[in-house]
Amino acid sequence: AAGVIQSPRHLIKEKRETATLKCYPIPRHDTVYWYQQGPGQDPQFLISFYEKMQSDKGSIPDRFSAQQFSDYHSELNMSSLELGDSALYFCASSFRQGRGTDTQYFGPGTRLTVL
Amino acid sequence: QQQVKQSPQSLIVQKGGISIINCAYENTAFDYFPWYQQFPGKGPALLIAIRPDVSEKKEGRFTISFNKSAKQFSLHIMDSQPGDSATYFCAASATNAGNMLTFGGGTRLMVKP
């Protein structure tokens, strides 16, 4: 079965640079969530999109922005990178379509290292 | 404030034994409680999930027990195997609050051969 695809898998950036992370949800899934997982920590919710519209925001810094495109893929844009942004970034997708609680399936993650 | 508290932080079990991980939550709006398994450098993989209208759910060697009045739920792994060695996260979400997952702190399970 098709899974969530994330690219790149690994990314190394310098401080103050920008980074773009991409997420391709499972086919026919209409909702995308972004999570950040620091070393030895649990994933923290950043932002979500339902049917290409922003749905909810969590602890996402103002330096970060995201969007969901017409083909349902999503991109997380990160600017003015800081050392503390080094983490695993996960995208999860689900099929919500107004049904209420949805089951989220996670991608393999993008490991971002800021030097 | 951690909305979902998970214990223990680490657990060592002998092969064939039972692994038990507990979680407690504060937010009574939570109405969906999944468990995820994560291997190093990989994404969390859904193991099993429960909704508050049932007190127990079993899938293979994995069982969730749910106590709504105590706001607690637990994962039992029967006949634990070395391949079960991973980090386990409980999580919770609320349908009326965007469905984003709030995770527990994780339990690192090691199953000794």
Side-chain angles (χ1 to χ4, degrees), chain A residues 1 3-7 9-10 21 23-26 29-50 53-60 87-113, chain B residues 1-10 21 23-25 27 29-54 57 59 64 66 75 86-109:
Chain A
V4 177
I5 296 172
Q6 290 188 247
S7 67
R9 295 295 312 278
H10 302 272
L21 280 54
C23 168
Y24 298 85
I26 292 171
H29 278 193
D30 53 17
T31 308
V32 165
Y33 302 82
W34 285 97
Y35 293 86
Q36 177 192 57
Q37 185 177 32
Q41 298 180 3
D42 56 287
Q44 296 291 315
F45 170 70
L46 292 178
I47 194 167
S48 61
F49 294 87
Y50 169 60
M53 299 288 288
Q54 183 181 302
S55 179
D56 291 276
K57 287 181 77 171
S59 50
I60 185 170
L88 270 169
Y89 290 83
F90 291 106
C91 169
S93 77
S94 68
F95 178 61
R96 185 189 299 180
Q97 207 180 43
R99 297 182 306 169
T101 304
D102 52 353
T103 297
Q104 296 179 34
Y105 298 91
F106 282 74
T110 294
R111 182 177 293 279
L112 172 66
T113 302
Chain B
Q1 180 186 1
Q2 186 85 20
Q3 287 200 57
V4 179
K5 295 182 179 179
Q6 183 171 346
S7 63
Q9 285 187 309
S10 62
I21 305 171
C23 284
Y25 63 96
N27 188 349
F30 287 148
D31 56 6
Y32 178 67
F33 303 89
W35 284 88
Y36 284 86
Q37 178 191 57
Q38 186 177 31
F39 293 102
K42 306 293 185 182
L46 180 67
L47 265 181
I48 186 172
I50 199 168
R51 300 181 195 277
D53 53 343
V54 297
K57 183 175 181 179
E59 290 184 1
I64 298 179
F66 186 83
L75 175 69
T87 299
Y88 292 80
F89 290 99
C90 63
S93 67
T95 303
N96 65 359
N99 290 325
M100 70 285 291
L101 292 169
T102 299
F103 286 86
T107 295
R108 184 171 292 186
L109 171 66

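These numbers were taken from a predicted model, which means no experiment stands behind them.
Judged as a ring-ring contact (aromatic ring centres under 6.0 Å, His included), and not counting sequence neighbours, B:Tyr88 has no contacts. Residues meeting the ring-ring contact (aromatic ring centres under 6.0 Å, His included) test with B:Phe66, sequence neighbours left out: B:Phe33.
Considering only heavy-atom pairs separated by less than 4.5 Å from chain A, the leading option among B:Arg108, B:Lys42, B:Gln38 is B:Gln38. The greatest number of non-hydrogen atom pairs below 4.5 Å with chain A, out of B:Pro44, B:Gly106, B:Ala45, is found for B:Pro44.
In this structure, chain B has heavy atoms under 4.5 Å from both the backbone and the side chain of A:Gln104. Contact of A:Gln37 with chain B is made through the side chain alone, with heavy-atom distances under 4.5 Å. Interface remark: B:Leu46 contributes side-chain atoms only to the contact with chain A (heavy atom separation under 4.5 Å).
Here the side chain of A:Arg111 pairs no donor or acceptor atom with the backbone of A:Ala87 at under 3.5 angstrom.
When only modelled atom types and interatomic distance are considered, A:Ser55 and A:Tyr33 share no side-chain donor-acceptor pair under 3.5 Å.
Residue A:Tyr105 holds its OH atom at 14.5 Å from SG of A:Cys91, rounded to the nearest 0.5 Å.
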